There are 2 protein chains.
Amino acid sequence: MINNIYDWKGDGMKLGEGVEASIHCAAMLAGVEGDATLSGAAMAEAFGVSPSYLLKHLNTLTSAGVLESLPGPAGGYRLARPAERISLLDIVLAVEGAQPAFRCGEIRQRGPVKLPASAYMKPCGINVAMLKAEKAYRAALAVEKLSDIVAGFQNDADPRAVAASCAFVARHQRLQKSSSPRYK
Amino acid sequence: MINNIYDWKGDGMKLGEGVEASIHCAAMLAGVEGDATLSGAAMAEAFGVSPSYLLKHLNTLTSAGVLESLPGPAGGYRLARPAERISLLDIVLAVEGAQPAFRCGEIRQRGPVKLPASAYMKPCGINVAMLKAEKAYRAALAVEKLSDIVAGFQNDADPRAVAASCAFVARHQRLQKSSSPRYK
DNA sequence: CTATTGCGGATATAAAATATCCATGATAAA
DNA sequence: TTTATCATGGATATTTTATATCCGCAATAG
């Protein structure tokens, strides 16, 4: 028995949980002072997620050029560039991959009727329409900067939550002795 | 060694293959005459997909009110309303589910520091931003009507492919004896 | 009555996401 | 120099999801 439209199907197009953790980590890293870092373990504790798995995503973000990493006892992660120049799209693409959600399997030419390949030079219209929609999705993510997320948090969130977050960063951030190479 | 941005990660946010088959089926059903139907087996053959699995999606589309189904030897599927009033969003939501791709796990309050629930009344800004982007995605899918897909196919696709598709529909469609209830 | 079709449930298989572990190299501090 | 801490990368296990198949049932045209 179907009660409402949400019973039609369970889930479907889903974004991995790593995206949520990654964005939260990036937002938290936007709050460290100067060239300080936060360890992956600290951030995993802050959000109650699996440390070893979060490290994978942080590693991916580093390879993608969103984060910077430093080894050693004072090591950890920090933003690779100012929060104003990091968009949610940068993070989502890094963690989830750049491939579109809709992958055209060209099933239009998988039928029993065999037509020469020349009959399918024009792209599938369904694929075009789906990619167009995804382009709109990515455009919307591209305008959302990490700095906006942080500003919104500091302005709108409960003061207790803001204070707790700042305290956590202040307690766990690791200042660098010599000013290691950092953006700008 | 990373050669290009596509090596960052394999895949991520993915749309099931059922979506592609479902849209193709709906587009094909837009081509039947009057109140005729196409059997699920015929459409599975047309696109070279698993019949039993496709039936599941067609069934879901029927429950969602996108398609209509008739049992019996002359039975099968047909559109539940004109192609002008069926959008790609209708199909995607029916097949993939209406839940958003980004599900906020509220990991902001899963940390070691326990704040009262009252500190998290305001929605998570990250969740808001992600849902906003998905809203843009759905809006773009909502304006893409099935009739546009069909028209684009007939106008732009190779004449041989159009002819083959029409021939397939003409050969497999099942006309109804008495005009069964159908949208006007 | 018979053959065909959609429907629904149960179940199996394949693939992907999630999570853990360990060896390694780099680095700061003692 | 030694030690402890941290990121890195590979290998692997676990869990979840998507995909696929099968069977009994109800409906219906001939």
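Per chain, numbering begins at 1; letters A, B, ... match sequence-line order. What you see is a predicted model; the values in this text were computed from it and never measured.
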Atom pairs and distances, side-chain donor-acceptor, residues 154-161 of chain B, under 3.5 Å, sequence neighbours left out:
unit_1, atom_1, unit_2, atom_2, d
B:N155, ND2, B:A151, O, 3.2
B:D158, OD1, B:R160, N, 2.8
B:D158, OD1, B:R160, NE, 3.0
B:D158, OD2, B:R160, NH2, 3.0
B:R160, NH1, A:S118, OG, 3.2
B:R160, NH2, A:S118, OG, 3.0

Could you give the side-chain donor-acceptor pairs of residues 20-34 of chain B under 3.5 Å, partners two or more places apart or in another chain?
unit_1, atom_1, unit_2, atom_2, d
B:E20, OE1, A:G105, N, 3.0
B:E20, OE2, A:G105, N, 2.8
B:E20, OE2, A:E106, N, 3.3
B:S22, OG, B:G18, O, 2.7
B:E33, OE2, B:Q173, NE2, 3.1

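The side chain of B:T62 approaches C:dC7 more closely than any other nucleotide in the set C:dC7, D:dT8, C:dT27. The side chain of B:Y77 sits closest to C:dC7 out of C:dA28, C:dC7, D:dT21. Listed nucleotides C:dC7, D:dA29, C:dG25 differ in distance to A:P71; the shortest reach to its side chain belongs to C:dG25.
Sequence order on DNA chain C of the closest nucleotides to B:G75 and A:L15 puts B:G75 first from the 5' end. Nearest-nucleotide assignment on DNA chain C puts the 5′-proximal partner with B:G40, out of B:G40 and A:E17.
Taking A:F168 as the reference, A:H172 meet the ring pair (Phe, Tyr, Trp, His ring centres under 6.0 Å) condition, with sequence neighbours excluded. Here B:D148 pairs with nothing under the side-chain hydrogen bond (donor to acceptor under 3.5 Å, both in side chains) rule; sequence neighbours left out.
Rounded to the nearest 0.5 Å, atoms CG (A:L58) and OG (A:S69) are 9.5 Å apart. Once rounded to the nearest 0.5 Å, the distance linking CD1 of B:I86 with OG of B:S147 reads 9.0 Å.
Nucleotide C:dG8 holds its C1' atom 11 Å from the CG atom of B:L55, rounded to whole Å. Summarising the geometry, the separation between NE2 on A:H57 and P on C:dT20 is reported as 12 Å, rounded to the nearest angstrom. Summarising the geometry, the separation between CZ on A:R103 and C1' on D:dA18 is reported as 13 Å, rounded to the nearest angstrom. For A:L61 and D:dA7, the CG to C1' distance is 14 Å, given to the nearest whole Å. The separation between B:Q176 atom CD and D:dA27 atom C1' is 13 Å, rounded to whole Å. Summarising the geometry, the separation between OH on A:Y53 and P on C:dC22 is reported as 20 Å, rounded to the nearest angstrom. If you take CG of B:L175 and P of D:dG30, they are 11 Å apart, rounded to a whole angstrom. The nearest whole Å value for the distance from the CD atom in A:E96 to the P atom in C:dA17 is 7 Å.
Distances shorter than 4.0 Å separate none of the side-chain N or O atoms of A:S39 from OP1 or OP2 on D:dT5. The side chain of A:N59 places an N or O atom within less than 4.0 Å of a non-bridging phosphate oxygen (OP1 or OP2) of D:dT8.
Heavy atoms of B:S52 sit under 4.0 angstrom from at least one base atom.
Sorted by first and then second residue, the salt bridge (charged side-chain N to carboxylate O under 4.0 Å, His left out) pairs involving residues 79-88 of chain A (not counting sequence neighbours) are A:R81-A:D90.
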Report each atom pair, protein N/O against N/O of nucleotides 10-16 of chain D, whose distance is under 3.5 angstrom.
unit_1, atom_1, unit_2, atom_2, d
D:dG10, O6, A:K56, NZ, 3.0

